[in-house]
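What follows is a short report on a single structure.
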Amino acid sequence: MHVHCSVEDAVARVTLTRAEKLNALTLDTLDALVATGRRLRADRTLRAVVLSGEGRSFCAGLDFASTAGQGRRVAASFVPRPWRGTNTFQEACWVWRRLPVPVVAAVHGHCFGGGVQLALGADYRFTTADARWAVLEVKWGLIPDMSGMRTLAEQVGADVAKRLAMTGEVISGEEAVRLGLASEVAADPVGAALGLVDQILVRSPDAVGSAKLLVDRTRTLSARRAFARERWAQARLFRAPNTAAARRASAAGEPPRFGPRRAP
């Protein structure tokens, strides 16, 4: 399926493994990304996810050649699931937003089309300075349709999102950071991602998960509704065992010992 997932010390490493094709996405790969994300979401012991690609690239986008002769399957993958509100193409990228743990993308080489949209599904993106980013769909007369129109506008604002989607221009990782498409330049994106994860692991998994989901779920709400959700989340955290563990560890100056993450 060209997606490998391993979990060690509560951190999942999800890696695209189609290196010979620059990790271009096939329908099988999309299905595997969805299945992997859903499986990880059910793991209450999980604390973080790092997304990366093997070989010379993070992801060169959708492999159109691989879909030749699969018209029926493409059509089926395009139909949204009513209970999720996404189709397979969209869910492969959006499933990472559904996880109540931080997801960090490590980008190098090519990050084109669907690769950009997969990276934008993460909460934070490290990139090499010389990585090549492009919202490339317009080259084929298309638009980003793997949740990209939403995530692009969230990250870079309407004007830059339109420019990238209308031109398909290729920009460097350094420029991607300047525009807000990527978060930070790193010579070793995977190492940087794991370093950030290490900083997060010493914090309560309940507080981390609540912070992620509140940012994602309240940005389009009215202030009144956003404040209500904020109060509700804080009330639940006050009663959470992991909150007590964080307080004890902070008072004693010792490393915290957390239990399983509470359902958000």
Side-chain angles (χ1 to χ4, degrees), residues 1 3-17 29-52 81-86 88 90-106 118-126 147 151 190 193-219 226 228-252 254-264:
M1 296 293 186
V3 176
H4 179 261
C5 178
S6 62
V7 180
E8 184 175 351
D9 297 328
V11 177
R13 293 285 308 276
V14 178
T15 309
L16 299 176
T17 59
T29 306
L30 296 177
D31 285 337
L33 285 168
V34 173
T36 300
R38 292 182 59 133
R39 184 172 70 252
L40 291 175
R41 188 182 182 191
D43 184 353
R44 295 276 297 280
T45 67
L46 187 71
R47 298 292 311 278
V49 177
V50 175
L51 289 173
S52 61
R81 275 58 171 179
W83 58 94
R84 290 204 297 249
T86 54
T88 300
Q90 294 163 332
E91 188 67 13
C93 301
W94 195 254
V95 69
W96 311 104
R97 294 288 189 97
R98 301 190 196 276
L99 267 62
V101 300
V103 179
V104 186
L118 179 59
L120 289 176
D123 303 297
Y124 205 84
R125 287 157 294 283
F126 287 100
S147 76
T151 54
V190 171
L194 293 172
L196 176 59
V197 165
D198 283 342
Q199 295 180 55
I200 295 171
L201 291 180
V202 299
R203 306 304 179 193
S204 164
D206 302 330
V208 169
S210 291
K212 168 176 175 168
L213 295 180
L214 277 171
V215 170
D216 285 347
R217 293 176 180 178
T218 63
R219 67 178 67 199
R229 289 203 179 191
E230 184 181 278
R231 290 192 301 270
W232 173 247
Q234 192 74 310
R236 294 183 77 245
L237 288 173
F238 276 133
R239 301 190 300 270
N242 282 328
T243 302
R247 286 198 299 264
R248 288 194 299 268
S250 180
E254 299 174 349
R257 299 182 66 178
F258 297 119
R261 185 186 69 251
R262 292 186 69 182

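Being a predicted model, the structure only gives us computed values, none of them experimental.
- The closest side-chain heavy-atom distance from Leu33 to Val95 is not below 4.5 Å.
- Crowding of Arg203 atom CZ: a count of heavy atoms from other residues, nucleotides or ligands under 6.0 Å not exceeding 12.
- Using modelled atom types, no side-chain atom of Lys212 and backbone atom of Pro100 make a donor-acceptor pair closer than 3.5 Å.
- Residue Ala193 comes nearest to Val50 through the heavy atom pair CB-CG1, 3.9 Å, listed as atom of the first residue, atom of the second, then distance.
- Using a distance-only test at 3.5 Å, with no hydrogens or angles considered, no donor-acceptor pair links the side chain of Ser52 to the main chain of Ala106.
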Verify side-chain contact (heavy atoms from CB on, under 4.5 Å) between Val49 and Val101, making sure each step is shown before the conclusion.
CA-CA 7 Å; Val49 177; Val101 300; 4.2 Å; yes

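- One finds a salt bridge joining Arg98 and Glu91 here, because a Lys/Arg side-chain nitrogen approaches an Asp/Glu carboxylate oxygen to under 4.0 Å.
- Residues Pro205 and Asn242 form a side-chain contact, since some pair of their non-hydrogen atoms from C-beta on lies under 4.5 Å apart.
- The main-chain N or O of Ala10 is never found under 3.5 Å from a side-chain atom of Arg47 such that the two would form a donor-acceptor pair.
- In this view, Arg219 and Glu154, Asp216 satisfy the salt bridge (charged side-chain N to carboxylate O under 4.0 Å, His left out) rule, not counting sequence neighbours.
- For Arg13, there are no salt bridge (charged side-chain N to carboxylate O under 4.0 Å, His left out) partners two or more places apart in sequence or in a different chain.
- Between Leu237 and Ala207, the shortest heavy-atom contact is CD2-N, 3.8 Å.
- By the 4.5 Å heavy-atom criterion applied to side chains, Leu201 and Phe258 are not counted as neighbours.
- Using a 4.5 Å heavy-atom threshold, the side chains of Arg81 and Thr88 count as touching.
- A donor-acceptor pair is defined here as one N or O able to donate and one able to accept, closer than 3.5 Å; no such pair exists between the side chain of Arg236 and the backbone of Trp232.
- Contact of the Asp123 side chain with the Trp96 side chain is not registered, since no non-hydrogen atoms from C-beta on lie closer than 4.5 Å.
- In this structure, CZ in Arg262 is found 8.0 Å from OG1 in Thr243, a value given to the nearest 0.5 Å.
- Residues Ser210 and Gln234 fail the side-chain proximity criterion, which asks for heavy atoms closer than 4.5 Å.
- You'll find the side chain of Thr15 stays beyond 4.5 Å of the side chain of Val3, heavy atoms only.
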Let's go through Arg261 and Thr45 carefully: what are the C-alpha distance in whole Å and the side-chain angles of both, what is the deciding distance for side-chain contact (heavy atoms from CB on, under 4.5 Å) to 0.1 Å, and is it a yes or a no?
CA-CA 6 Å; Arg261 185 186 69 251; Thr45 67; over 6 Å; no

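- Heavy atoms only, all atoms of each residue included: Gly37 and Leu99 are closest at O-CD1, 3.4 Å.
- Ser250 contributes no side-chain N or O that, together with a main-chain N or O of Ala246, makes up a donor-acceptor pair within less than 3.5 Å.
- Side-chain atoms of Cys5 and Leu40, non-hydrogen and from C-beta on, do get closer than 4.5 Å to each other.
- If you take CG on Leu30 and SG on Cys93, they are separated by 7.5 Å, rounding to the nearest 0.5 Å.
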Pair Val104-Ile200, side-chain contact (heavy atoms from CB on, under 4.5 Å): steps then yes or no
CA-CA 11 Å; Val104 186; Ile200 295 171; 5.5 Å; no

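- Listed for the Arg97 side chain is a donor-acceptor partner under 3.5 Å among the backbone atoms of Leu120.
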